Amino acid sequence: MAVNDDEAQVLDQWSHRLAQALQILDLKVDQELLLDLARKSADSVIHAAAPVTTFMVGYAAGLHAGTGSAGNKDAAAAAVDKAAKVAFQLCEDGHDGGPASKGWADTAQ
């Protein structure tokens with residue numbers, strides 16, 4: 001999902017303020033990935049799927065990165081990428097595509 005320069009600046013400022021408020025100061029957010037995932041899930045399922053999908057990807061990535069690699073930024077980034085890949089694959093089937101053919105455990109490392 002493309003955003004213009006002004007929107008990108010506002011999003012950066014918002015993300016920074018939110019990270020401070022949540023006390024996760026060293027968090028690096030791949031905003032483009034999350035915006036693309038939100039767009040894809042909204043287009044493939046329903047509009048309301050966008051925030052739910054991005055939340056669930058972040059939650060799954062946090063759980064995965066927290067198992068044995070807490071504090072490792074590379075592992076956290078890889079966990080986000082892996083969770084997003086699962087969500088993107090599921091979006092390909094849309095809202096009525098049935099069960100996911102590949103889940104978290106089946107996704108290549």
Side-chain angles (χ1 to χ4, degrees):
M1 170 181 277
V3 295
N4 65 38
D5 291 340
D6 291 337
E7 291 172 329
Q9 184 177 7
V10 169
L11 187 56
D12 284 340
Q13 290 170 351
W14 167 250
S15 295
H16 181 71
R17 286 179 52 222
L18 185 56
Q20 286 179 322
L22 295 173
Q23 298 179 353
I24 46 176
L25 302 177
D26 62 342
L27 178 68
K28 301 295 181 215
V29 178
D30 186 345
Q31 294 175 354
E32 194 64 34
L33 173 70
L34 293 177
L35 290 171
D36 287 344
L37 181 57
R39 177 197 49 78
K40 181 70 172 179
S41 59
D43 290 347
S44 299
V45 185
I46 60 171
H47 184 75
V52 173
T53 302
T54 55
F55 168 78
M56 291 178 71
V57 163
Y59 188 85
L63 287 176
H64 184 72
T67 55
S69 61
N72 183 329
K73 292 179 186 178
D74 291 335
V80 170
D81 287 341
K82 185 176 180 180
K85 183 176 180 180
V86 169
F88 275 119
Q89 288 174 343
L90 193 57
C91 283
E92 291 299 318
D93 293 333
H95 66 85
D96 59 354
S101 60
K102 286 193 171 189
W104 179 266
D106 299 324
T107 305
Q109 298 290 332

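Side chains included, hydrogens not; waters and symmetry mates left out as well; all remaining heavy atoms used. Source: prediction; values computed, not measured.
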Student: When hydrophobic residues are tied together by side-chain contacts of less than 4.5 Å, even through go-betweens, does V52 share a cluster with L63?
Tutor: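 Result: yes, single cluster for both.
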Student: Nearest 0.5 Å, what's the CG-CD distance between N4 and Q9?
Tutor: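 Interatomic distance, N4 CG to Q9 CD, rounded to 0.5 Å: 10.5 Å.
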Student: Roughly how far, to the nearest 0.5 Å, is NE2 of H16 from CG of L25?
Tutor: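 Between L25 CG and H16 NE2, I get 7.5 Å after rounding to 0.5 Å.
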Student: Could you tell me whether Q13 atom CD has more than 12 heavy atoms of other residues or ligands within 6.0 Å of it?
Tutor: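 For Q13, atom CD is crowded (more than 12 foreign heavy atoms under 6.0 Å).
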Student: Return each pair, listed once, that meets salt bridge (charged side-chain N to carboxylate O under 4.0 Å, His left out) where at least one residue sits in residues 43-61; pairs must be two or more places apart or across chains.
Tutor: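 Matches after skipping sequence neighbours: R39-D43.
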Student: For D81, give me all partners under salt bridge (Lys or Arg N to Asp or Glu O under 4.0 Å), at least two apart in sequence or on another chain.
Tutor: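 Expected list: none.
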Student: What residue among D36, D30, V29 forms side-chain contact (heavy atoms from CB on, under 4.5 Å) with L33?
Tutor: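 Between L33 and the candidates, side-chain contact (heavy atoms from CB on, under 4.5 Å) is satisfied uniquely by D30.
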Student: Enter the distance from K28:NZ to D26:CG here, rounded to the nearest 0.5 Å.
Tutor: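 One finds 7.5 Å between NZ of K28 and CG of D26.
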Student: Do D12 and Q31 have side chains that approach each other closer than 4.5 Å (heavy atoms only, starting at C-beta)?
Tutor: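 When only atoms from C-beta onward are counted, Q31 and D12 do touch, with a gap below 4.5 Å.
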Student: Evaluate the side chain to side chain contact (heavy atoms under 4.5 Å, CB included) criterion for residues L11 and L35: first the C-alpha distance (whole Å), next the side-chain angles of each, then the deciding distance (0.1 Å), finally the verdict.
Tutor: CA-CA 11 Å; L11 187 56; L35 290 171; 3.9 Å; yes
Student: Any donor and acceptor pair, going by atom type alone, linking the side chain of S41 with main-chain N or O of A38 inside 3.5 Å?
Tutor: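 Side chain of S41 to backbone of A38: a pair is present.
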